[in-house]
Structures are given as structure tokens and as C-alpha cells.
Colleague: 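Supplied in C-alpha cells, the structure appears directly below.
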Amino acid sequence: MSQQLRQRIFTEIDSVSLIDPHTHINPLAPSSETLADILGYHYYTELAHAAGMPVEEVEAPGIDPKEKVARLVGWLEPLTNTSAYGWLIELAREFFGFEDEHITRDNWEALYDTSAAMMASPDWPKQVLKKSGIDAVFLTNDFDDPLEGFDRRVYIPCLRTDNLVFNLAKPAVRVRLEKASSVNVSDAKTLRTAIGALFDHFTANGARACAVSLPPDFCPQKPESAAKIDRSLAILLSDGESASADAQRSVSQFVFWTLAEFASEYRLPFDLMIGVNREVYPTGVYQGHDLFDSRWSLLQYRELLNTFTQVTFPISVLASTANQELVAHAWMFPNVVTNGHWWYSNMPTFIERDAAARLEAVPRTKQIGYYSDAYKLEFALPKFAMYKRILAKILAERFVVDARWSEESAVLLGRQILRENVERVFSCG
Amino acid sequence: MSQQLRQRIFTEIDSVSLIDPHTHINPLAPSSETLADILGYHYYTELAHAAGMPVEEVEAPGIDPKEKVARLVGWLEPLTNTSAYGWLIELAREFFGFEDEHITRDNWEALYDTSAAMMASPDWPKQVLKKSGIDAVFLTNDFDDPLEGFDRRVYIPCLRTDNLVFNLAKPAVRVRLEKASSVNVSDAKTLRTAIGALFDHFTANGARACAVSLPPDFCPQKPESAAKIDRSLAILLSDGESASADAQRSVSQFVFWTLAEFASEYRLPFDLMIGVNREVYPTGVYQGHDLFDSRWSLLQYRELLNTFTQVTFPISVLASTANQELVAHAWMFPNVVTNGHWWYSNMPTFIERDAAARLEAVPRTKQIGYYSDAYKLEFALPKFAMYKRILAKILAERFVVDARWSEESAVLLGRQILRENVERVFSCG
Amino acid sequence: MSQQLRQRIFTEIDSVSLIDPHTHINPLAPSSETLADILGYHYYTELAHAAGMPVEEVEAPGIDPKEKVARLVGWLEPLTNTSAYGWLIELAREFFGFEDEHITRDNWEALYDTSAAMMASPDWPKQVLKKSGIDAVFLTNDFDDPLEGFDRRVYIPCLRTDNLVFNLAKPAVRVRLEKASSVNVSDAKTLRTAIGALFDHFTANGARACAVSLPPDFCPQKPESAAKIDRSLAILLSDGESASADAQRSVSQFVFWTLAEFASEYRLPFDLMIGVNREVYPTGVYQGHDLFDSRWSLLQYRELLNTFTQVTFPISVLASTANQELVAHAWMFPNVVTNGHWWYSNMPTFIERDAAARLEAVPRTKQIGYYSDAYKLEFALPKFAMYKRILAKILAERFVVDARWSEESAVLLGRQILRENVERVFSCG
């Protein structure tokens with residue numbers, strides 16, 4: 001009975017058309033060209049590498065896409081248990097009519113050819129969006145993205161700011177900032193002006209969010225005096241990446257706080273994605289170097305949350321151990337919204353635990369259920385499907401059965417989490 | 001089948017009459033006068049505020065109770081998913097015959113009037129206790145409570161000591177201590193004498209526990225020399241709240257350790273409620289300023305637990321991430337008892353996880369299943385009902401189904417956790 | 001249906017014969033002589049002590065085994081809810097034909113006598129292994145174990161190195177090292193040579209792993225200069241246990257790193273068991289002094305994991321809160337393998353959560369499902385049975401039902417986790 005109930009609820013919430021509030025889609029090449037774009041996703045290369053595949057196997061220069069797929073297929077067997085592999089099979093079935101249980105050395109080539117033919121269709125991205133029930137996706141645009149050449153109602157810009165906060169010591173980043181903003185950055189004041197110019201550009205071009213990912217030890221603080229920032233920035237300008245840790249920290253803090261000020265001024269939600277340690281495994285596959293750390297607390301964001309009461313902060317946490325703190329903050333702070341299930345927490349067991357706690361304790365208007373984090377459009381369907389199945393399970397077991405809700409009420413809650421909140425929080429749709 | 005099993009076990013354990021081992025009930029006004037006392041509970045004001053309600057909406061001076069309820073009802077819709085809202089509906093149904101699915105702008109007034117009429121009955125508190133199956137509730141008495149004017153068999157005093165441990169730098173607190181103890185506090189010795197006088201007063205008046213809530217960074221330590229404490233106390237006496245952090249810490253440690261010594265001498269269990277950060281959100285609603293932090297360990301209590309082997313410490317943790325440490329300590333230390341599901345961990349998903357681990361690993365005699373933490377009697381029923389449903393689920397799924405226990409044995413375990421252990425640990429009932 | 005499915009999967013995976021990859025079995029006395037060896041297991045003495053039994057009750061000198069059992073049986077009632085008690089009943093039923101629900105003051109003596117008679121059979125260890133479906137067990141050998149007098153195909157040596165890493169300041173340990181290695185240890189170079197001699201001895205005698213347990217604050221680091229190590233070691237040699245913390249730390253780090261180097265050279269997996277705090281409760285029962293701490297991160301092992309890319313590190317974590325970090329590291333680092341469910345995490349709720357996350361995210365080839373950690377052979381059966389029931393539950397609910405796997409595929413995954421991976425990771429079987 002519970003299985004049928006889950007299925008009925010799933011069917012209902014699966015009919016909701018979606019706005020995907022966080023992806024890494026390139027709007028100029030939103031979908032895959034071959035299976036190499038699918039199997040090259042860092043989840044597969046990471047897992048294959050962890051299972052024994054040498055990095056060079058897929059990263060040697062000049063490997064043909066088909067050859068790359070052939071190589072990766074040889075490493076799939078050890079991954080068949082993972083939820084990431086589940087996405088692969090589901091998208092192969094849904095988009096390319098794949099009918100076998102597994103992708104193997106024996107059947108991959110047919111799949112490769114079939115899918116390549118389908119992907120070659122000029123309206124393939126549209127077909128994928130339609131089949132996935134997705135109206136629009138948020139992008140992750142670097143700060144100097146021209147934001148041109150795509151339909152901004154479907155591909156919604158989002159100002160990603162990691163480089164500004166953490167990499168301003170790199171001369172190349174500073175040069176890009178000066179070029180993008182047409183401001184000569186020499187002190188705190190001009191740095192602020194330059195960042196403001198980016199907000200002008202992004203909001204003028206339909207941006208609906210500003211975003212940053214942050215390491216566990218980051219602790220936002222009100223900036224020091226302008227004189228101190230000026231001195232720190234001068235050190236960065238002269239010493240580049242060899243600038244002192246103190247000067248780099250000081251500028252990071254200033255830039256982060258300035259971003260929050262502009263988010264307030266421009267009424268842009270500021271996505272905080274908290275918990276990533278970069279380059280923990282520097283010799284891993286491409287995009288497979290980063291891990292996370294459970295030793296932090298949202299208490300580190302106390303001053304920020306108390307200061308920027310007008311900024312909405314959709315917050316993602318990388319460690320599931322931080323979910324209860326996130327829940328409590330969203331229940332207390334008007335400006336905190338829970339946001340999806342990020343990366344290492346984006347698998348069924350963690351989603352199930354984390355989403356259940358949110359659904360029980362955070363106002364229903366303050367929860368962004370899910371985002372795909374996809375690099376290619378094809379992944380949104382299986383990832384959202386995974387989430388929706390878990391959501392249906394929670395709604396069935398914890399709301400209809402345990403708390404005796406009506407099915408109808410449970411479905412309405414699901415719809416709100418999936419779609420309505422995205423529209424309201426990000427003023428889109 | 002599993003559903004029916006759960007229901008049968010629930011019915012059995014639901015028939016157990018209870019002693020509620022931790023509440024904030026005012027014994028001189030134990031139940032509500034109007035729905036404003038119910039909807040004014042900080043869970044609702046916090047959640048409504050987090051969902052967008054300005055603080056002033058319900059905290060402007062002189063708001064009529066009915067007007068306050070009218071305003072809060074307007075903010076209930078975003079909270080309908082929360083377990084706190086579930087308590088509200090359940091108590092409205094159980095106590096006031098409410099029959100609709102939701103409390104809305106259209107039906108609240110009838111509920112307000114009906115309930116106000118019922119609450120006006122002189123024996124309303126007794127009716128509530130009877131309907132809730134509650135024989136007695138523990139109070140949270142400030143150290144200078146006269147403990148008079150109520151039936152101490154029903155309202156059991158508990159010496160709450162937060163002000164002594166953390167606020168002795170406030171002149172008003174010191175004055176109250178001197179008045180309550182009739183001791184002139186000038187040094188470590190007289191401070192100790194004053195605290196001893198409180199234990200005299202409380203135990204003479206039926207107190208069955210001493211309690212304190214503690215921040216994550218608190219680490220109890222054997223007191224420094226009397227001379228050092230004398231100096232620290234002198235600084236507090238002269239500088240008040242502007243006393244140095246070191247002096248304040250030194251006195252806090254001394255007071256805490258002294259409380260444990262008296263708990264030992266007077267054979268009073270010492271409830272430790274660990275993990276709260278106060279005033280994280282200072283502009284929130286009344287009682288809605290505090291949060292918590294996962295960055296601590298019960299290892300911080302090592303010296304305390306090893307020293308006071310004769311004191312029973314019922315321990316509550318605010319972060320569910322600390323539950324496994326609590327479980328392990330209760331399985332190892334004779335003086336550690338697991339105590340209820342506190343505040344941000346008092347919701348179904350966390351209770352389910354935390355209680356299941358305790359039931360599988362902590363001796364059954366050393367678990368206090370639940371306390372309501374209620375400010376008004378009406379809340380004990382729906383909160384305990386929530387707990388008992390989860391307990392029935394765990395007993396059904398993990399004990400009867402997974403571990404093949406008999407239903408009868410499972411029910412006996414439930415009863416022990418719910419009632420017998422409260423009696424034995426606190427020598428009451 | 002789900003129950004029947006679980007049962008079918010359990011039956012299938014229960015038929016797999018096992019190699020138990022971590023125990024504390026003494027190969028010269030692998031099984032119990034009386035029930036005192038069973039009930040004297042630290043789980044029971046700890047829990048009984050925590051429930052009120054004085055330590056002396058079972059540790060006074062010269063207690064007769066039967067008397068010891070009589071005393072412990074009197075303390076079993078408060079423990080009947082624990083999973084450890086569940087092992088006791090299951091092994092009594094499976095090995096000794098016990099048929100009652102509980103072991104009580106009324107029936108224990110018959111069980112004692114029956115079991116003693118059975119245990120007296122010369123081939124009792126073989127009978128236990130056969131009934132348990134166990135082909136071989138890994139030992140925990142101190143570094144100077146002669147490794148003689150037993151069948152090394154059944155009792156597989158493992159070099160346990162805690163004493164080398166943490167206790168070299170003790171003169172007795174140093175003397176034992178010198179004797180075992182025939183090396184006069186006077187500086188970094190000779191210390192290294194001595195450790196190498198141990199690897200020679202162990203690998204020559206069939207060792208299949210090196211192992212160590214580590215406290216939460218341990219952070220492996222590349223050794224300092226040989227001159228610094230020489231100085232630190234000189235301090236240890238002259239000052240023994242009163243050597244400075246810095247000198248002790250410096251030698252610990254050097255020894256640990258040296259072990260990893262030899263693990264690489266001798267191609268021996270290096271089991272890391274991370275998170276134990278020793279002597280937290282020094283007056284507890286024998287082996288009941290240690291607890292754990294959640295305040296650490298696998299990030300502390302970054303340098304180690306990046307340096308020793310050729311060493312396989314099967315990693316156990318004591319805190320379930322660390323499981324997600326372990327999962328992510330095993331998904332990223334080729335040299336990290338998840339290893340069992342250790343001690344305070346070895347109970348159904350934590351196993352269920354932790355195993356589910358591993359099964360969903362770690363390559364199936366990189367998971368050692370379980371080890372018994374047993375001191376006597378009789379415990380492997382009920383402990384593995386507990387694990388296999390949970391594994392069957394996860395495979396049934398999360399794979400067959402949620403992810404629509406075939407039963408057959410689910411069973412194959414279970415078998416791989418239980419047996420095949422042990423063979424491949426440890427090159428045994």
C-alpha cells in the first residue's frame with residue numbers, strides 16, 4: 001500500500017514543470033554532443049579513478065570522444081551500485097531508448113551512435129528540456145561573462161563570485177575584473193566600484209542570483225577600516241599570489257561583505273554553498289580534487305545573517321552533519337532559505353534524512369527542494385527524478401502515514417518545494 | 001501489518017500515565033487562558049517571524065490577546081508542514097473539539113471563543129492533566145523561587161541554575177542570591193554557603209532535580225585555588241558585567257563545580273542540557289534568539305563525570321550529531337542517563353534516529369524517554385503523542401520486526417522509558 | 001512483501017562463507033572455555049557496570065568463572081534491550097541449544113554446564129568456525145608476536161602497531177622492539193631498521209595487513225629532519241614516559257610515517273581505525289575505559305593519502321558523523337577503502353545509515369562490509385548475522401524497491417561486500 005501511495009504521489013509531483021535553480025550549464029552548448037560529455041562528468045571519472053582507472057586514461061591530450069567512452073565503459077562495472085550510475089542508466093533509457101540493464105563493453109557502441117545522432121539534432125537542447133519538464137535553468141556565470149547569445153528566459157544568469165572572493169591575488173583575475181568593470185582597481189573604494197559595475201551588468205541582463213562556494217573555515221566579518229583594506233589590497237597588487245595570508249584574508253573578507261551589500265542593494269538572493277575544501281586531492285581527475293569537512297558551524301555566519309536582514313540567503317551545506325544547523329537557522333532567521341542537496345550530500349540516504357528534517361521544521365515557503373548542479377542538460381532529468389522519488393517517499397511515509405495528512409495536501413507541499421518556492425525566492429518564472 | 005502493529009503498540013504505551021520530567025510550567029498559572037498563550041509559544045512566533053512576520057506584529061505593547069491570535073493566524077499557512085503546527089492542531093482537536101483540517105482566518109475566532117470558555121473553568125488545569133494522562137510535571141524554578149502556593153506532588157520543583165553559573169556578574173542576580181540565601185556573598189567561601197542554602201531550600205520543598213543549560217564551548221573543570229576564585233569574585237563584585245572574561249569564566253567554573261558538589265551531597269540528579277548558543281539572533285521574537293552549534297564533544301565533561309560518580313547526570317544534547325557520543329557515555333558511565341529530545345532535536349526525524357540508537361545501546365534503565373519542555377500544560381499531550389508514535393514505530397519496526405521481539409516485551413520497554421525510569425532516576429512518583 | 005524480500009536476500013547472502021578481516025582472536029585459544037569468556041566480553045561488563053554493577057563484582061582477584069557468570073547474570077535484565085545482548089541470546093541458541101527468551105537467575109546454570117561441556121570438545125573451535133560459515137579470521141598481533149603454533153591459513157596474522165606509534169616512550173616497549181627485531185634502537189635510522197625487521201617477520205609469516213587505532217587529534221605528517229627525530233628519540237630513551245610531549249609526538253609521527261613506507265614496500269594494506277580517545281573513564285571495567293570524539297576530519301589524513309598512493313588504507317571510523325567524509329574519500333581516493341562498522345558504530349541504526357551511504361556512493365569494489373572485532377570465535381556468528389540482516393534490509397528497501405534492482409543483482413552486491421572484497425583487498429582466501 002505504501003508503495004502504491006508513494007507511486008501516486010510521485011506521479012503527481014513528477015508532472016510539475018521545473019525551474020532548475022542551480023546548474024553549470026553552458027548556455028551556448030547546453031546539451032551533450034556525444035556520450036563523452038555524459039560519461040566525462042566528474043562523478044564518473046572520479047569514481048572510475050577511485051576504482052582503479054589511471055587519470056591519464058581519460059585525460060591524455062587528444063583522446064577522441066568515442067575512444068574516451070570506450071575506455072570509461074571498461075571501468076563502469078565497479079560503479080554499478082552508485083546513485084551516479086543510476087542517473088546514467090536512467091538518462092540513457094529516457095533519452096536514447098536504451099533497454100539493457102547495464103552499459104557494457106558489448107552494447108556501448110550502439111548507444112554511442114544512437115545518442116550522437118539524436119544529439120546532432122539542432123533542437124536537441126529543446127527536446128531535452130521538454131522531456132525533462134524544465135522551463136528554465138539557472139547558470140553559473142563567471143563575473144566577466146558577457147551574458148550574450150542565449151535566451152535569458154530559459155538560461156537565467158547567476159553571478160558566481162568565488163574568483164572575486166578568493167582569487168583576487170591572481171593578476172589574471174584582477175585584469176579580468178578591471179576589464180569587465182571598466183574600473184581601475186587600486187584601493188577599497190575602486191574595488192567596490194568595480195564590483196558594483198558587475199551587479200549592474202548582471203542585473204541588467206536578467207541575473208536572478210549571486211552565488212559563492214565557501215570553505216569550512218570561512219567566517220564572514222564586517223570589514224576592517226578602509227585604510228587597512230587599502231593596505232591589504234596594495235600588498236595583493238604588488239605581491240600577487242605570494243601576498244601574505246593576512247592580506248589575502250583581509251581582501252577576501254572585504255569582497256565578500258561588499259557582495260552582500262550589493263546583493264542587498266540590487267535585491268538579489270545570495271546563494272551560499274558552504275563547506276568545500278579545494279585541492280585536497282590535487283592529482284585526481286579533472287574537477288575531482290575537492291572534498292569537504294564537518295568541522296564548522298553556521299554560527300560563523302552570525303554577523304552576516306544579522307547584518308543583511310534584507311538579503312535572502314539560500315544556503316547549501318556540503319556536509320549532511322550541518323543540516324540540522326541549517327534547519328534551525330531557516331526556522332529562526334527570516335533571511336535563510338534551505339537550498340537543495342549539494343554534491344557529496346546529493347545521494348538518496350542523505351537527501352532522505354536532510355529533506356525530512358527540513359520538511360518537518362522549516363516553513364514550507366523557505367525551502368528550495370532541489371537543483372541539479374548539472375553541466376549538461378541531460379542530467380537534470382535523472383537527478384530530479386531521484387529527488388522526486390525520495391520526496392514522494394518522505395511525503396508518503398512521514399506525512400500521509402505517520403502524520404495522517406491527506407494525499408492532496410502532501411502533493412501540494414511537494415509542488416511548493418519543487419517549483420513555487422523557486423519562483424518566489426528568485427523572482428523568476 | 002506493520003501499521004497495525006505500530007498502532008497496537010502505540011495504544012498500549014499511550015495508556016501509561018506520565019510524569020513529565022522537564023517543563024517550564026508556571027505552577028501558579030499552569031494552563032492557558034486564551035489561545036494567545038498557545039499561539040504565543042515561541043515555536044509559532046519564531047516560525048511565523050522566519051516566514052515573514054515582523055516582530056512588532058506580536059510584540060508591540062498592549063496587544064489584546066484576541067488581536068494577537070488574529071495576527072498570528074494570518075501567518076500560519078507557511079508553517080502547516082511543521083511538527084510544531086501538528087501539535088497545535090492536535091491539541092485544538094483533543095481539548096477544544098476542533099474539527100477542521102487547518103486553523104484559518106475563517107475559523108479561528110470560534111476556536112478562540114470556545115477554548116477561552118473552557119479555559120475559564122477553575123479546574124481546567126486538572127482537566128488538562130487528566131486528559132493528558134499526566135500525574136505530575138517538573139518545573140524550572142529560578143534559584144530564588146519561594147516554591148509556595150502550589151501542590152508540590154503535582155508540580156515538582158527543579159532548581160534551575162543558569163543564572164548562578166553564567167550571570168553572577170549582574171548585580172541584580174547577586175542581590176537576589178544574597179536575599180534568597182540570607183548570605184552576604186564576598187568570597188568563594190560565602191558564595192559556596194549561599195549556594196548550599198539554595199539546595200537546603202529546594203530539597204526541603206520537594207525539589208527532585210537541579211538543572212542547567214550550557215553552551216557548546218563550556219568545559220567543566222576542577223576549580224582553581226580559593227585565592228584565585230576570591231580574586232575573580234572580587235572583580236565581579238566591583239566591575240559587574242564589565243568584569244574580565246577570565247574572572248567571569250573562573251567564577252562560572254567554580255559555581256558549576258560547587259553545584260555538582262551539592263548535587264552529590266543532597267543526592268539530587270543534575271540535568272545537563274548541553275549545546276545552546278544564546279543571543280545568536282538578538283532581534284528575533286521573544287525567546288527566539290538562541291541557536292546551537294555542533295562543534296563540541298562530551299569529552300569536555302570527562303573530569304566532571306569521573307569526579308562526581310555519585311551524581312546522576314541526565315543529559316540532553318541540542319545537536320543530534322552529539323547523540324552517538326551521548327549514547328556511548330551512557331553505556332560506559334554509571335552516572336550518565338540519556339534525557340529526552342531537546343528543542344531543535346525535538347522533531348520526528350531526529351527523535352527517530354536518536355531514540356533508536358539509545359534503545360539499541362543504552363541500558364534500558366538509563367533512558368528518560370521524553371519531556372515536554374512545555375510552558376503551558378496543553379502542550380504536553382501533543383508533544384508526548386508525537387514521541388509515543390515514534391517510539392511505537394521504533395519498537396514495531398526495529399524490535400518486533402527486525403529483532404523479533406514479542407509485542408509484549410516491546411511494550412514493556414516503552415513503558416519503562418516513558419514512566420518507570422522517571423520515577424527511579426528522580427525518586428518521584 | 002518487503003519482509004519476505006528481505007528474508008530471501010538474507011538467506012542468499014547468509015550462505016556466503018566468510019573471511020573475518022578484523023578480530024582480536026587468540027589463535028592459541030580461539031574459542032571460549034566457559035560462559036565466563038562470553039559474558040566477560042567488555043560489552044557486557046561495561047553495560048552491566050553502567051547499569052550499576054560495581055567493577056569489583058567481576059574483577060576481584062580469583063573469582064571462579066562460574067561465580068563470575070552468576071554475578072553477571074544478575075545484571076543482565078537492564079541490558080536486554082541492547083544489540084549486544086541480542087548477540088548473547090543468538091549465540092546461546094545457535095551454539096548451545098538455548099531455548100528460553102532470556103538468560104536469567106533461573107536458567108543460566110544449565111546453560112553454563114551445557115556450554116562448558118560442548119566447549120571442552122577438542123575440535124570446538126573448528127565446530128564454531130564451521131557453524132559460523134567462517135573460513136579464516138584476521139588476528140591482531142602485537143609487534144613481537146612469534147606467530148607460531150597455529151594454522152596461518154585459518155588465523156591470518158595482522159601487525160598491530162599502536163604500541164610502536166604511541167608507546168615507544170615506555171622502556172618495556174622499546175626493549176620488546178629491540179628483542180623482536182634484533183636491532184639496537186638508538187636513532188631514527190636504527191628505529192627504521194627495527195620496524196623493517198618486524199615487517200620481514202610478519203610478511204614471512206603470512207601477515208595480510210598492518211593496523212593501528214588512532215585518536216581524533218592525530219594528524220599524520222611527513223617526518224621532520226632525521227636530526228630532529230634523533231634528538232626526540234634521544235629524549236625518549238633518556239626520559240621514558242616523562243619525555244616532553246613534543247618529543248613523543250615527533251617520534252609518533254616518525255613511526256607512523258615509517259609504517260606507511262613499509263606498508264608500501266611490503267604491499268600490505270594499512271588498516272586505520274580512527275577516532276578513539278583512550279582512558280576517558282579510567283576506573284571503568286577492564287577494556288571499558290575508552291570513548292570517542294566527533295571533532296575531527298579525514299582532512300587530517302590528506303598528506304598521508306596523497307603521499308602513499310600505492311598503499312591501500314581500509315579505514316574505520318568510530319563516529320558515525322564521520323561516515324560521510326569516509327564515503328567521499330573512498331569515492332575520490334583510489335587508496336581508500338571503507339572498512340566495517342567499528343565498536344560504538346557497530347549497532348543496527350548506525351550500521352544501517354552508514355552502510356546505506358557507502359552502498360550508494362562508494363565503488364562496490366572498495367567496501368569491506370563487516371568484521372566481527374571478536375575476542376572469541378563464538379561472537380562472529382551473531383555479529384555477522386546482525387550485519388547481514390541490516391544489509392539485506394538495505395538491499396531490499398533501497399536497491400530492489402527504491403532503485404528497482406533485481407533481487408539477483410542485489411544479492412551479488414551483498415556477496416561482494418561480504419566476501420570477495422576481503423579476498424581482493426587483503427590478497428587472501
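Atom set for the values below is all heavy atoms of this structure, side chains included, hydrogens, waters and symmetry mates excluded. Proteins come first, then strands; the chains are lettered A, B, ... in the order of their sequence lines, and each starts at number 1.
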Colleague: Check for a donor-acceptor pair, side chain of B:Glu46 on one end and backbone N or O of A:Trp331 on the other, with a separation under 3.5 Å.
Modeller: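 Not at all, since once roles are kept as given, no pair shorter than 3.5 Å links the two residues.
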
Colleague: Return yes when atom CZ of A:Arg278 has more than 12 non-hydrogen atoms of other residues, nucleotides or ligands closer than 6.0 Å, and no otherwise.
Modeller: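 It does: A:Arg278 CZ has more than 12 such atoms within range.
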
Colleague: Report the option among B:Met53, B:His289, B:Arg353 that has the most heavy-atom pairs separated by less than 4.5 Å from atoms of chain A.
Modeller: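 Ranked by heavy-atom pairs under 4.5 Å with chain A, first place is B:Arg353.
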
Colleague: Is it true that atom CD of B:Glu59 has more than 12 heavy atoms of other residues, nucleotides or ligands lying nearer than 6.0 Å?
Modeller: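 Counting neighbours around CD of B:Glu59, more than 12 heavy atoms of other residues, nucleotides or ligands fall under 6.0 Å, so yes.
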
Colleague: Taking the side chain as everything from C-beta on, heavy atoms only, tell me whether A:Glu397 gets closer than 4.5 Å to B:Lys393.
Modeller: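 The answer is no, as the side chains (C-beta and beyond) never meet within the 4.5 Å cut-off.
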
Colleague: Heavy-atom pairs under 4.5 Å with chain B are the metric here; pick the option from A:Thr309, A:Leu413, A:Asn335, A:Val362 that has the most.
Modeller: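 Winner by heavy-atom pair count: A:Val362.
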
Colleague: Atom CD of residue position B:Glu279 - does it have more than 12 heavy atoms of other residues, nucleotides or ligands inside 6.0 Å?
Modeller: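 For B:Glu279, atom CD is crowded (more than 12 foreign heavy atoms under 6.0 Å).
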
Colleague: What do you reckon, is CZ of B:Arg93 surrounded by more than 12 foreign heavy atoms closer than 6.0 Å?
Modeller: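 Counting other residues, nucleotides and ligands, CZ of B:Arg93 exceeds 12 neighbours.
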
Colleague: So do the side chains of B:Tyr281 and A:Pro334 get within less than 4.5 Å of each other, counting heavy atoms only?
Modeller: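 Yes, close enough: below the 4.5 Å cut-off.
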
Colleague: B:Asp293 side chain to A:Leu299 main-chain N or O, any donor-acceptor pair under 3.5 Å?
Modeller: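 No; zero donor-acceptor contacts below 3.5 Å.
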
Colleague: What part of A:Ala403 gets within 4.5 angstrom of chain B, counting heavy atoms only: side chain, backbone, both, or neither?
Modeller: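 The answer is neither part of A:Ala403.
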
Colleague: Show the nearest heavy-atom pair for residues A:Ala361 and B:Leu47, with the distance to one decimal.
Modeller: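 The answer is O-CD2, 3.4 Å.
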
Colleague: Tell me if the CD atom of B:Glu407 is crowded by more than 12 foreign heavy atoms within 6.0 Å.
Modeller: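 Count over threshold, so yes.
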
Colleague: In terms of heavy-atom proximity below 4.5 Å to chain A, should B:Leu318 be classed as side chain, backbone, both, or neither?
Modeller: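 The answer is the backbone of B:Leu318.
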
Colleague: For chain B, which candidate among A:Met332, A:Arg302, A:Lys366, A:Arg358 shows the most heavy-atom pairs at distances under 4.5 Å?
Modeller: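 Most pairs with chain B among the choices: A:Met332.
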
Colleague: Decide, yes or no, whether a salt bridge links A:Asp402 with B:Arg6 under the criterion of side-chain N to carboxylate O below 4.0 Å.
Modeller: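 Here A:Asp402 pairs with B:Arg6 in a salt bridge, since their nearest N and O are under 4.0 Å apart.
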
Colleague: For side chain to side chain donor-acceptor pair (under 3.5 Å), just list the numbers for A:Gln324 and B:Thr321, CA-CA rounded to whole Å, side-chain angles, deciding distance to a tenth of an Å, and then say yes or no.
Modeller: CA-CA 8 Å; A:Gln324 193 187 10; B:Thr321 45; 5.2 Å; no

Colleague: Can you tell if the side chain of A:Ser406 reaches within under 4.5 Å of the side chain of B:Glu101, non-hydrogen atoms only?
Modeller: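 Side-chain contact under 4.5 Å: yes.
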
Colleague: Does A:Arg398 come within less than 4.0 Å of B:Glu352, counting only side-chain N to carboxylate O?
Modeller: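 Yes, this pair counts.
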
Colleague: Take A:Arg404 and B:Glu90 through the salt bridge (Lys or Arg N to Asp or Glu O under 4.0 Å) test and state the conclusion after the steps.
Modeller: CA-CA 11 Å; A:Arg404 289 169 285 182; B:Glu90 184 159 4; 5.0 Å; no

Colleague: Quick one: closest heavy-atom pair of A:Ser297 and B:Phe292, and the distance?
Modeller: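 Heavy atoms of A:Ser297 and B:Phe292 come nearest at OG-O, 4.4 Å.
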
Colleague: Check whether A:Trp296 gets within reach of chain B through its side chain, its backbone, both or neither, counting any heavy atom under 4.5 Å.
Modeller: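 Contact with chain B: backbone only.
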
Colleague: How about A:Glu360 and B:Ser83: does a side-chain donor come under 3.5 Å of a side-chain acceptor?
Modeller: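 No.
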
Colleague: Quick check on B:Leu291 against chain A: is it the side chain, the backbone, both or neither that has a heavy atom closer than 4.5 Å?
Modeller: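 Just the side chain, heavy atoms under 4.5 Å.
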
Colleague: Has A:Glu408 got more than 12 heavy atoms of other residues, nucleotides or ligands less than 6.0 Å from its CD?
Modeller: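 No, because the 6.0 Å sphere around CD of A:Glu408 holds 12 heavy atoms or fewer from other groups.
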
Colleague: Minimum heavy-atom separation for A:Thr365 to B:Ala51, with atom names?
Modeller: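 Closest approach of A:Thr365 to B:Ala51: OG1-CB, 4.3 Å.
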
Colleague: For residues 214-222 of chain A, give me every residue with a non-hydrogen atom less than 4.5 Å from any non-hydrogen atom of chain B.
Modeller: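 Hits under 4.5 Å: none found.
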
Colleague: For the side-chain hydrogen bond (donor to acceptor under 3.5 Å, both in side chains) test, which of B:Asn81, B:Thr82, B:Thr80 pairs with A:Arg364?
Modeller: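 When B:Asn81, B:Thr82, B:Thr80 are each tested with A:Arg364, the side-chain hydrogen bond (donor to acceptor under 3.5 Å, both in side chains) holds only for B:Thr80.
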
Colleague: Could you look at A:Ala322 and say if it's the side chain, the backbone, both or neither that has a heavy atom under 4.5 Å from chain B?
Modeller: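 Contact with chain B is absent: no heavy atom of A:Ala322 under 4.5 Å.
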
Colleague: Ignoring hydrogens and angles, tell me if any N or O in the side chain of A:Glu325 forms a donor-acceptor pair with the backbone of B:Ser294 under 3.5 Å.
Modeller: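 It does hold such a pair.
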
Colleague: Relative to chain A, which segment of B:Ala48 carries a heavy atom at a distance below 4.5 Å: side chain, backbone, both, or neither?
Modeller: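 Neither the backbone nor the side chain of B:Ala48 comes within 4.5 Å of chain A.
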
